[in-house]
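Okay, so here's the structure we're looking at.
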Amino acid sequence: KDLYLSGGIQFDARSNKLDDYEEGTWTPTGFTGGTLYNATYTKVGRLVTANMYVNATTFNSSTMGGLPFASITGWQAGTLGLNDSTNANACEVSTVSTNINFRQGATSVTPNGSGLMVSVTYNAA
């Protein structure tokens, strides 16, 4: 049977309560041309996982914006899957922002490939 709660789940006597779950779509920014596929997110409490695949003809910068929630203070790592040639081999969520930065090692780079799969899990502010 289904269980419906109006106030959340209290796991212990501390103030930690699970009372926030959300799924949806988001609109990445920072590229022109091409097609965006499956830009989705899931938020459980403060933990956000955002995924997307973009087949873009042109990336405008080393930063892609539009994450559904701003991140907390501190950089957070993401996962980058590649399809087609690109010079980016890593990504990260910027501190206190809705941006993903693309990197090759420690250097910011603008992806030069047309297919890019991104998954980031970060803590929302």
Side-chain angles (χ1 to χ4, degrees):
K1 299 281 180 180
D2 294 333
L3 175 66
Y4 298 94
L5 302 171
S6 62
I9 300 171
Q10 187 75 38
F11 291 102
D12 55 29
R14 294 176 293 166
S15 61
N16 299 325
K17 184 196 294 190
L18 179 59
D19 61 355
D20 184 21
Y21 177 87
E22 182 177 334
E23 294 180 340
T25 60
W26 61 288
T27 304
T29 60
F31 65 93
T32 58
T35 307
L36 174 67
Y37 301 96
N38 301 324
T40 60
Y41 72 88
T42 302
K43 181 175 182 277
V44 180
R46 290 187 333 155
L47 190 66
V48 180
T49 299
N51 299 291
M52 68 102 198
Y53 172 74
V54 61
N55 189 357
T57 55
T58 306
F59 283 85
N60 299 335
S61 73
S62 62
T63 299
M64 178 176 283
L67 285 172
F69 302 94
S71 66
I72 61 169
T73 300
W75 298 88
Q76 300 177 65
T79 307
L80 189 60
L82 306 174
N83 180 23
D84 300 331
S85 64
T86 187
N87 57 346
N89 60 17
C91 67
E92 64 192 10
V93 177
S94 299
T95 182
V96 192
S97 79
T98 59
N99 295 331
I100 299 169
N101 296 319
F102 298 105
R103 303 253 186 229
Q104 184 177 52
T107 305
S108 293
V109 293
T110 300
N112 64 6
S114 61
L116 194 60
M117 294 171 277
V118 177
S119 179
V120 292
T121 299
Y122 65 99
N123 284 296

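Throughout, residue positions are numbered sequentially from 1 according to the sequence presented. FYI, side chains are in, hydrogens and waters are out, and symmetry mates aren't considered; it's all heavy atoms of this structure.
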Looking at OG1 of Thr40 and CE of Met52, how far apart are the two atoms once the value is rounded to the nearest 0.5 Å?
-> 11.0 Å
Asn51 and Asn38, any side-chain heavy atoms less than 4.5 Å apart | no
Reported CE-to-CG distance for the pair Met117 and Asn55, which is rounded to 0.5 angstrom = 10.5 Å
Determine whether Val96 and Tyr122 fall in the same hydrophobic cluster, where Ile, Leu, Val, Met, Phe, Trp and Tyr are linked whenever their side-chain heavy atoms lie under 4.5 Å apart.
-> no
Pairs in or reaching into residues 114-125: which pass salt bridge (Lys or Arg N to Asp or Glu O under 4.0 Å), with residues at least two apart or in two chains?
-> none
Shortest non-hydrogen contact from Phe102 toward Cys91 = CD2-CB, 4.0 Å
Which atoms form the tightest heavy-atom contact between Thr95 and Ile72, and what is the distance?
-> OG1-O, 3.8 Å
So how far is it from Leu36 CG to Phe31 CZ, rounded to the nearest 0.5 Å?
-> 5.0 Å
Pairs flagged by side chain to side chain donor-acceptor pair (under 3.5 Å) wherever residues 61-78 is involved - sequence neighbours left out | Thr63-Asn101
How far apart are the closest heavy atoms of Phe69 and Ala124, and which atoms are they?
-> CB-CB, 3.9 Å
Taking atom OG1 of Thr32 and atom CG of Asn60, what is their separation to the nearest 0.5 Å?
-> 4.5 Å
Please say which of Val120, Thr27, Asn99 ends up in a side-chain contact (heavy atoms from CB on, under 4.5 Å) with Leu67.
-> Val120
For Thr49 and Ser119, which heavy atoms make the closest approach, and how far apart are they?
-> CG2-OG, 4.4 Å
CA sep, side-chain torsions, deciding dist, call: Tyr21, Thr42, side chain to side chain contact (heavy atoms under 4.5 Å, CB included) = CA-CA 8 Å; Tyr21 177 87; Thr42 302; 3.8 Å; yes
Indicate the atoms forming the closest heavy-atom contact of Gly66 with Thr29, along with that distance.
-> N-OG1, 3.8 Å
With rounding to the nearest 0.5 Å, note down the distance linking NZ in Lys43 to CG in Asn123.
-> 10.0 Å
Would Phe59 and Val54 count as a side chain to side chain contact (heavy atoms under 4.5 Å, CB included) if you check the C-alpha gap in whole Å, the side-chain angles of each, and the deciding distance to 0.1 Å?
-> CA-CA 10 Å; Phe59 283 85; Val54 61; 3.8 Å; yes
Closest heavy-atom pair, Val118 versus Ile100, reported as atoms and distance to 0.1 Å, is CG1-CD1, 3.9 Å
